[in-house]
Asker: 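Structure below; questions to follow.
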Amino acid sequence: MTAVLEVEDLAVSFPSRGKPVRAVDELSLSLEAGETLGLVGESGSGKTVTALAALGLLPRSSRVRGRILFDGRDLLTLPEREWRRVRGNRISMVFQDPMTSLNPLLTIGRQLEEVFECHRSLPRRQARTASIAALGEVGLPRPEARMDAYPHELSGGMRQRVLIAMALACRPSVLFADEPTTALDVTIQAQILDLLGRMQRESAMAVVLITHDLGVVASSCDRVHVLYAGRSMETARTDPLFAAPMHPYTSGLLRSVPRLDDPRDQPLPTIAGHPAVADGRREGCPFEPRCPHAALPCRTDPIPLVALPGGRASACSRPDALRELEARGTR
Ligand SMILES: Nc1ncnc2c1ncn2[C@@H]1O[C@H](COP(=O)(O)OP(=O)(O)OP(=O)(O)O)[C@@H](O)[C@H]1O
Ligand SMILES: [Mg+2]
C-alpha cells in the first residue's frame, strides 16, 4: 500500500502568557489510500489541531514544525494560492462544529453549489444537480426542497450531513472527519459510516476519523492512533489494540467505556485526575501523574514511541506495566 499522507515530527504550539501551549508534539503518522485511521484521546489532546495543520488552517499566530507530505509536496510550505487547489478538493474536512462551519446567510444549496463551481468548474445548473445528488447521498430527506433552506432551518443532524456532503463533494483523496457522527442518531450514523466506507472502496479515499466514540472506532477504523497532551501514546491495528492495549492510557480509555454486561451497582471506571494541559513540559511521560503504573523514571526520562511486534508502537517504557497489560489480555 502507498502512503497518501505522511505526517513527520509535527509540532504545533500557540503563544500564550507564560509558557506556549504545545498542542501537538513530535507527532508522526502515515495514512494509506483507502484506510481509516482513528485519532482518539481526551479533550485537548491535539486531534483537531493535527487536522487543521493538514488543511493549512492553523491561525497565523501558531508555530508549526515538521513535515506533512502529500502528493510529493510538504503541505507546511505550500503558498496560500496553491492551498485553494488542495483544500476542499484533494484534502477535505468535516468540521467538529456544524453550526459555525456553515455560513448562516447563504442557503445550503448555494454553499454546496459553490464547492462544485469552484473546484469542479461546473456551470450553475449542473452544480445544482450535483448538489441535490450529494444531499441525497448523505441521506437528507427531500434533498431538492432542502436546497433553499438556511442552516438555522435544519436540525443539528441535518446540518452535519450537509457538511459531510460538502466535504465529500469533490471525492477527496484524504478526508479528516472531526466527530462527524456525534450529532446523529444511530441509524443516520450507520448510514454515514456506510457511505464513507463505500466511497473508500470506490475511490480509495483515506479517512482520519476523529472521535470520542470508541464503538465507532472499533467498527470503522483499520488502525488507531492514541494521543495524550499532543503526544502519541500508542498506535496499532484496531483489533489488537482493543484486545490488548499496550499503554496504560489506552487501557484506561477502553475501561471507561460502559458495557452492557457491567454490574449495574458498580461505578464506571474512569481515569483518575484531569486531562493534561499542553503546557510544554518536555521531560518524562505526560500521562505519568495519572498513571497507575508510574515510577520515578516516568517523570524524568525521555519516553519515545517504541516499535513493538505486530507493527504497533507504544510510548510506555515500563516493561512491568506492559507485561501486566499483556497478561490481562483484554480490558
Ligand atoms: N487557536 C488556539 N490558540 C491557543 N490554543 C489553542 C488553539 N487551538 C487549540 N489550542 C489548544 O491546543 C490544545 C489541543 O486542542 P485541540 O482542539 O486539538 O483538542 P482536541 O483533541 O480536538 O479536543 P476535543 O476532543 O475537545 O475536540 C488544547 O490545549 C487547546 O486549548
Ligand atoms: Mg477537537
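Values below: every heavy atom of this structure, side chains too, minus hydrogens, waters and symmetry copies. The first residue in the sequence is number 1, and the count goes up from there. All values derive from a computational prediction rather than experimental measurement. Order of appearance sets the numbers: ligands from 1, and atoms from 1 within every ligand.
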Asker: Determine whether the side chain, the backbone, both or neither of H212 has a heavy atom under 4.0 Å from any heavy atom of ligand 1.
Answerer: side chain
Asker: Does any part of the side chain of L168, heavy atoms only, come nearer than 4.5 Å to the side chain of M199, both counted from C-beta?
Answerer: yes
Asker: By ring pair (Phe, Tyr, Trp, His ring centres under 6.0 Å), which residues pair with F95, not counting sequence neighbours?
Answerer: none
Asker: Under 4.0 Å from a heavy atom of Q96: give me the atoms of ligand 1 that qualify, with their elements.
Answerer: 24 (P), 27 (O)
Asker: For the residue pair Y150 and H152, categorise the inter-ring angle as parallel (less than 30°), tilted (30 to 60°) or perpendicular (more than 60°).
Answerer: parallel
Asker: Please work out which of S45, A53, A23, G41 has its closest non-hydrogen atom nearest to atom 13 (C) of ligand 1.
Answerer: A23
Asker: Which atom pairs, donor and acceptor, lie under 3.5 Å between side-chain atoms of residues 122-133 and protein residues at least two apart or in another chain?
Answerer:
{"from": "R124", "atom 1": "NE", "to": "E113", "atom 2": "OE1", "distance (Å)": "3.1"}
{"from": "T129", "atom 1": "OG1", "to": "R125", "atom 2": "O", "distance (Å)": "3.1"}
{"from": "S131", "atom 1": "OG", "to": "E113", "atom 2": "N", "distance (Å)": "3.4"}
{"from": "S131", "atom 1": "OG", "to": "A127", "atom 2": "O", "distance (Å)": "2.6"}

Asker: For G44 and ligand 1, does the shortest N/O to N/O distance drop below 3.5 Å?
Answerer: yes
Asker: Quick one: are F14 and V49 in side-chain contact, heavy atoms under 4.5 Å?
Answerer: yes
Asker: Taking C-beta and beyond as the side chain, do L27 and H225 meet within less than 4.5 Å on heavy atoms?
Answerer: yes
Asker: Has ligand 1 got any nitrogen or oxygen that is less than 3.5 angstrom from a nitrogen or oxygen of V21?
Answerer: no
Asker: Per the side-chain hydrogen bond (donor to acceptor under 3.5 Å, both in side chains) rule, what does the pair list look like for residues 5-18, sequence neighbours excluded?
Answerer: E8-R67, D9-S28
Asker: Which atoms of ligand 1 sit under 4.0 Å from any heavy atom of G46?
Answerer: 14 (C), 18 (O), 19 (O), 20 (P), 21 (O)
Asker: Taking the side chain as C-beta and beyond, is there a heavy-atom pair between L175 and V208 under 4.5 Å?
Answerer: no
Asker: If you measure only the distance, is there a donor-acceptor pair under 3.5 Å linking the side chains of D148 and T107?
Answerer: no
Asker: Look at atom 9 (C) of ligand 1 and find which of V49, D178, V12, L52 reaches it with the closest heavy atom.
Answerer: V49
Asker: Where on P59 is there a heavy atom closer than 4.0 Å to ligand 1, on the side chain, on the backbone, on both, or on neither?
Answerer: side chain
Asker: Could you grab the protein N, O or S atoms closer than 2.8 Å to the Mg ion (ligand 2) for me?
Answerer: T48 OG1, Q96 OE1
Asker: In terms of ring plane angle, is the pair Y228 and F287 parallel, tilted or perpendicular, where the classes change at 30° and 60°?
Answerer: perpendicular
